[in-house]
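Here's a structure for you.
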Amino acid sequence: MSGRNQPTVVNRGLGAELRRLRKAKGLAATAVAGRLDWQPSKLSRMETGQQGIRPEEVGALLVIYEVTGVERRRLIGMAERSRERGWWETHAADLSPWSRTFLRLEADAVAITNWEPLLVPGLLQLPDYTTALMRACGIADAELRVAARLSRQAILARDSPPRLHAIIDEMVFRRVLGGRQLMGRQLRHLIEVAERPNVTMQITPLALGAHTGLDGSFVLLDFDRAPSIVHLEHKLSSAFLEEASQIEVYRGEVDRLAEVALSPAKSTDFVARVAAEYERE
């Protein structure tokens, strides 16, 4: 399959949102397709991002799902750009700080690789750590956003969870959020999660000095039957990269970071030592 015939990030994100809306209304795909005189397979391909969706088709679905106003305009706008490769998504101030497209794609991933030089990865944060982070960032509706982040973590508790490779810089553990006791609990939580067979944790120690990961965090998502995606998150926007050449750059970054980081076993020992430092004080 040529790269240009593969589903785009926009198609996949839009399809996942339309699937969520249908299920929220309690509607079967066959019933929705029947109302629009479509073959059920057409709706299925749309929802999985395998088929492009025209704006008028999205509009027809949103009538059935009773979606209006700003949300309707946003989804139709995605359809208008569904052929574009790569995607830059802006987050409105009153929404979750995480891209909706990212949430849908993360839930479908079979493998997630997350490099974090500044913070504990979102999938591994305790609620109190997330709350402290939100308050430090001056976010008013912290409780709502903590709940949103916790809902993301549910994917790690599924019967068939994705593989998670978290590579974290030591500086993350030296930056105290919410007090030293909370940091101790957060680090113990990391150790506990890292014991799961689907989770690998590696630490890049400060003793390394300069290294290739200092230019920012990223998440690499791999899927069972779709191309991989790299997600870059900013305060009010997200960028999605999907060209094969771009993915290979970040896959190379993962290899280089994993090579200089401590082994998983040594990383767990290291985190335990730092946790003990916090717990003694």
Side-chain angles (χ1 to χ4, degrees), residues 1 3-25 29 32 42-62 64-65 67-114 122-123 145 148-149 151-155 158 162 217-244 246-247 250:
M1 182 184 295
R4 292 295 164 184
N5 290 326
Q6 291 177 345
T8 65
V9 167
V10 189
N11 265 337
R12 291 156 68 181
L14 176 57
E17 292 209 45
L18 293 173
R19 181 173 68 243
R20 175 185 61 81
L21 289 169
R22 174 177 60 77
K23 290 184 175 181
K25 298 295 290 186
V32 173
K42 174 180 178 177
L43 181 59
S44 175
R45 290 194 300 273
M46 288 178 173
E47 290 186 347
T48 56
Q50 299 299 314
Q51 176 173 321
I53 314 175
R54 297 195 302 272
E56 58 269 26
E57 292 172 327
V58 173
L61 289 169
L62 297 182
I64 296 174
Y65 303 153
V67 175
T68 60
V70 173
E71 186 69 352
R72 176 184 174 86
R73 291 193 294 274
R74 183 181 71 85
L75 293 170
I76 290 178
M78 289 183 71
E80 291 171 344
R81 298 181 58 186
S82 64
R83 291 182 181 274
E84 298 180 11
R85 299 194 67 78
W87 176 245
W88 186 280
E89 186 168 78
T90 301
H91 318 313
D94 60 342
L95 298 177
S96 163
W98 302 284
S99 154
R100 296 181 183 184
T101 301
F102 176 71
L103 294 178
R104 309 296 169 220
L105 293 171
E106 182 183 58
D108 289 339
V110 298
I112 302 169
T113 305
N114 190 179
L123 289 176
R145 303 195 182 201
R149 180 156 289 186
S151 69
R152 287 176 57 201
Q153 297 178 2
I155 64 173
R158 295 189 312 212
S217 63
F218 63 86
V219 180
L220 172 61
L221 301 174
D222 291 308
F223 304 89
D224 190 20
R225 298 182 180 179
S228 301
I229 290 168
V230 167
H231 177 249
L232 306 173
E233 182 182 340
H234 305 275
K235 186 176 288 291
L236 290 176
S237 60
S238 291
F240 296 86
L241 307 178
E242 57 184 321
E243 297 288 356
Q246 297 170 328
I247 302 303
Y250 281 91

Anything under 30° is parallel, anything over 60° is perpendicular, the rest tilted; go ahead and classify Tyr250 against Phe218. perpendicular
Taking only residues two or more places apart in sequence, or in another chain, which ones meet Ser228 in a side-chain contact (heavy atoms from CB on, under 4.5 Å)? Leu220, Asp222, Ile247, Arg251
Answer yes or no: is there a side-chain heavy-atom contact under 4.5 Å between Leu43 and Leu18? no
Taken to the nearest 0.5 Å, the spacing of Leu14 CG from Ile76 CD1 works out to 10.0 Å
Distance in Å, Ile112 CD1 paired with Leu123 CG, rounded so as to fall on 0.5 Å steps: 5.5 Å
Mind checking what makes salt bridge (charged side-chain N to carboxylate O under 4.0 Å, His left out) contact with Glu57, not counting sequence neighbours? Lys42, Arg54
For the OG1 atom of Thr68 and the CG atom of Leu62, what is their distance to the nearest 0.5 Å? 9.5 Å
Qualifying residue for side chain to side chain contact (heavy atoms under 4.5 Å, CB included) with Leu75, from Arg73, Arg72, Glu71: Glu71
List for me each residue that meets salt bridge (charged side-chain N to carboxylate O under 4.0 Å, His left out) alongside Arg22, sequence neighbours excluded, and say none if there are none. Glu47
Kindly say whether Gly122 contributes a backbone atom to a donor-acceptor pair with the side chain of Gln153 at under 3.5 angstrom? yes
Between Phe223 and Arg12, is there a cation-pi geometry (under 6.0 Å to ring centre, at most 45° from the normal)? yes
If you round to the nearest 0.5 Å, how far is CZ of Arg104 from CD of Glu106? 11.0 Å
For the student: nearest non-hydrogen atoms of Ile64 and Lys25, plus distance: O-CE, 4.4 Å
Quick one: CG on Leu61 to CD1 on Ile53, what's the gap to the nearest 0.5 Å? 7.5 Å
State which residues pass ring pair (Phe, Tyr, Trp, His ring centres under 6.0 Å) with Tyr65; sequence neighbours excluded, sorted by chain then number. none
Search all heavy atoms of Pro55 against all heavy atoms of Glu80 and return the closest pair with its distance. CG-CG, 3.6 Å
Taking all non-hydrogen atoms of both residues, which atom of Ala111 and which atom of Pro162 are closest, and how far apart? N-CB, 4.3 Å
Partner residues of Lys23 under the salt bridge (charged side-chain N to carboxylate O under 4.0 Å, His left out) criterion, sequence neighbours left out: none
Output for pair (His231 NE2, Leu103 CG), nearest 0.5 Å, gives 8.5 Å
List the residues meeting salt bridge (charged side-chain N to carboxylate O under 4.0 Å, His left out) with Arg20, not counting sequence neighbours, and say none if there are none. Glu17
